[in-house]
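For reference, the structure discussed in these notes is given below.
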Amino acid sequence: MDKTPISTPPPLGLAGLALPLAGLVLLGAHMLRTGNAWLLACVCVVLVLGLGRQAWGRLVVAAVLLAASLFWVHTGIGLVQVRMGLGQDWMRLAAILGGVSLFSLAGSLLLLGKRAQARYARQAAHAVPQALAFGLTAVLLWICRMKTGALTILLADRFMPGSGLLEIVLVAVYAAVLCGRLLDRRTARTARAQAWFLFSAVFFGQLILGLAGVERMLMTGDLHLPVPALIIAGPLYRGAGFFMLMLFAVSVLLVGPAWCSHLCYIGAWDDRLSRRHRGAPESVPAWGARLRWLIASGVLLAALGLRLAGVPVWVAAWGAALFGLLGVGIMLFASSRTGTMVHCSTFCPLGLAGNVLGRLAPWRLRINARCTGCGACVRVCRYNALRAEDLERRRPGLSCSLCRDCTMVCAHGAMELTCGGQSGRGVERSFVVLVAVLHAVFLAVARM
């Protein structure tokens, strides 16, 4: 029996990249000729990805070259029709643009080959999810940009009209990088905390600059207090303004209670302060769960009561401000001392809504039979969702936010994310792609 090992093809060298890179250069030259500097900048970003070694970058460049091939066909058909209408020769033009289209297509196919795979080997295991995160983020932001009409939703467009295209590409790159870090067990926990804090810093940084006089940093200038509970209580009081509530509901339906561990601009504060505690997070007393329901009910009834009583807006605003300050106090004096996110897990009404509505989403955290009770998951859970009784029941408590910190530290594979009862690497990748995309989109468009 012949046991000669199968030789693997050598990695594609820089010279071998001439075809796909030339395809990008031709596309960039067309953008330069037509005076579209921002699309040229986008092509340059893709060109940098092609020169790198990231596996997901290879897939993105291949997709762009495929799109370029179709673009050249579309452009050629339009120009040929014009020439035919004018009675001019069109054969040479059709041949040139047809050749350019095939040139771009050949570059795309080359990047999908085994030699290209050998060259772009970094984070190869996460290449497809990262490329999906890039594509979905770019498409969603492009739709937001096109459908918002007179409201310029991307910040770059407000300062330099047209530059929103470059912002879309850069944010999409960020989404792909974040997706890879969230899928890597070595970096997932720190990456989530860092990205979450970045979102909060950008959100409040824009608010501060807007209040300081840079009005373009604000979405509409119609300000409201940045207290998460107002996403629900505000519409109850006003009887209008349901956009943020609908956005919250859609986000929860997509990623469940992960809103609370990835997307909430206030929750990042609670997370940051709870990390000041040395040692494992301390459990919240059993009455904390009941108090959470009581607080949420009180806030919603108060909002409805203030509306029915005709209480002036300024009075309601002061009440909301005091409620928000009380939440900050809980973070400072309870979360930082216990290591548990007391504000998010026992005080915030929106967090409770996310946990309850999250039951409609298909994502669940399951504790399977491989659990040995070692307690590694308990020592990293800051949401008070993995108490001893939760481990015995083989499911986390209601306050679980699907942060996945426990799945990253479980050495036995006992903590697993499921979707519709199914588990596995594909389920985790799908969840992380959704979370990374939503986070990146929110980072680009979430402003007061």
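Side chains are part of it too, since the values below use all heavy atoms of this structure and drop only hydrogens, waters and symmetry mates.
The side chain to side chain contact (heavy atoms under 4.5 Å, CB included) test with L47 singles out one residue from V64, L24, V61, and that residue is L24.
Surrounding CZ of R337 are at most 12 heavy atoms belonging to other residues, nucleotides or ligands under 6.0 Å away. Environment of NE2 in H412: crowded, with over 12 heavy atoms of neighbouring residues, nucleotides or ligands closer than 6.0 Å. By the 6.0 Å contact criterion, CD on Q422 is open, its count of non-hydrogen atoms from other residues, nucleotides or ligands being 12 or less. Environment of CZ in R185: crowded, with over 12 heavy atoms of neighbouring residues, nucleotides or ligands closer than 6.0 Å.
You'll find the side chain of P226 reaches within 4.5 Å of the side chain of L207, heavy atoms only. Taking the side chain as every heavy atom from C-beta outward, E167 and W38 never approach each other to under 4.5 Å. Residues V73 and I77 meet the side-chain proximity criterion, which asks for heavy atoms closer than 4.5 Å. Contact annotation: the side chain of P281 never approaches that of T338 to less than 4.5 Å [non-hydrogen atoms, C-beta and beyond]. Two residues are said to be in side-chain contact when any heavy atoms from C-beta on lie closer than 4.5 Å; C377 and L391 meet this criterion. At least one side-chain heavy atom of W293 sits less than 4.5 Å from a side-chain heavy atom of L398. Residues L357 and L253 have side chains not in contact (no heavy-atom distance under 4.5 Å, counting atoms from C-beta outward). For the pair R119/L17, a side-chain contact is recorded, criterion being any heavy-atom separation below 4.5 Å from C-beta on.
Within the 3.5 Å criterion, the main-chain N or O of S401 finds no donor-acceptor partner in the side chain of N355. At least one donor-acceptor pair closer than 3.5 Å links the side chain of Y120 to the backbone N or O of G50. Judged by distance alone, the side chain of D390 and the main-chain N or O of R387 form a donor-acceptor pair under 3.5 Å. Within the 3.5 Å criterion, the main-chain N or O of R359 finds a donor-acceptor partner in the side chain of R364. Remark: the backbone N or O of T187 is paired with a side-chain donor or acceptor of T190 at under 3.5 angstrom. A donor-acceptor pair under 3.5 Å links the side-chain atoms of T340 to the main chain of E282, judged by distance alone. Formation of a donor-acceptor pair under 3.5 Å by the R272 side chain with backbone atoms of F197 is not found in this model. In this structure, W196 contributes its side chain and W269 its backbone to no donor-acceptor pair below 3.5 Å. A donor-acceptor pair under 3.5 Å links the side-chain atoms of N368 to the main chain of G413, judged by distance alone. The closest donor-acceptor contact from the side chain of R115 to the backbone of L110 lies at 3.5 Å or more, if one exists at all.
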Open item on the list: Assess the residue pair L236 and R307 against the criterion (side-chain contact (heavy atoms from CB on, under 4.5 Å)); give the C-alpha distance rounded to whole Å, side-chain angles, the decisive distance to 0.1 Å, and a yes or no.
Closed with: CA-CA 8 Å; L236 282 178; R307 177 188 174 190; over 6 Å; no
- [ ] For Y383 and C400, run side-chain contact (heavy atoms from CB on, under 4.5 Å): C-alpha distance rounded to whole Å, both residues' side-chain angles, the deciding distance at 0.1 Å, then the answer.
- [x] CA-CA 6 Å; Y383 283 91; C400 174; over 6 Å; no
- [ ] Quick one: do T346 and L291 satisfy side-chain contact (heavy atoms from CB on, under 4.5 Å)? Show the steps, please.
- [x] CA-CA 7 Å; T346 65; L291 178 63; 5.7 Å; no
- [ ] Would you check, one step at a time, whether the test side-chain contact (heavy atoms from CB on, under 4.5 Å) holds for Q117 with L12?
- [x] CA-CA 8 Å; Q117 291 181 29; L12 196 66; over 6 Å; no
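The existence of a salt bridge linking R181 and D184 is excluded, since no basic side-chain nitrogen approaches an acidic carboxylate oxygen closer than 4.0 Å. Taking the charged nitrogens against the carboxylate oxygens, R192 and D405 do have a contact shorter than 4.0 Å, which makes a salt bridge.
Nearest heavy atom pair, residue A233 against residue A303, reads O-CB, 3.5 Å. Of all non-hydrogen atoms in L59 and L112, the two that sit nearest each other are CD2-CD2, 4.2 Å. Closest non-hydrogen pair, L350 versus P228, comes out as CD2-O, 3.6 Å. Residues S399 and N384 share a closest heavy-atom pair of OG-O, 3.4 Å. When all heavy atoms of W259 and V255 are compared, the pair lying nearest together is N-CG2, 4.3 Å. Across all their heavy atoms, L263 and S251 have their closest contact at CD1-CB, 4.5 Å.
For residues 408-430, the pairs satisfying salt bridge (charged side-chain N to carboxylate O under 4.0 Å, His left out) are R366-E416, R404-E428, R425-E428, with sequence neighbours left out. Screening residues 336-370 for ring pair (Phe, Tyr, Trp, His ring centres under 6.0 Å) gives F323-F347, H343-F347, W363-F431 as the qualifying pairs, with residues at least two apart or on separate chains. Under the ring pair (Phe, Tyr, Trp, His ring centres under 6.0 Å) criterion, no residue pair touches residues 48-67, with sequence neighbours excluded.
Between atom CD1 of residue I330 and atom CG of residue L273 there is a gap of 12.5 Å, rounded to the nearest 0.5 Å. Rounded to the nearest 0.5 angstrom, H126 NE2 and L183 CG are separated by 5.0 Å. Distance check: R158 CZ to T152 OG1 gives 6.0 Å after rounding to the nearest 0.5 Å. Note that CG of L178 and CG of L443 are 9.5 Å apart. Values are rounded to the nearest 0.5 Å. Here the CZ-CD1 distance, from F243 to I231, works out to 11.0 Å after rounding to the nearest 0.5 Å. Atom CG in L27 sits 10.0 Å away from atom SG in C44 (nearest 0.5 Å).
If you check the side chains of D270 and S335, you find a donor sitting under 3.5 Å from an acceptor.
Relative orientation of the Y265 and F203 rings is parallel, given thresholds of 30° and 60° on the angle between their planes.
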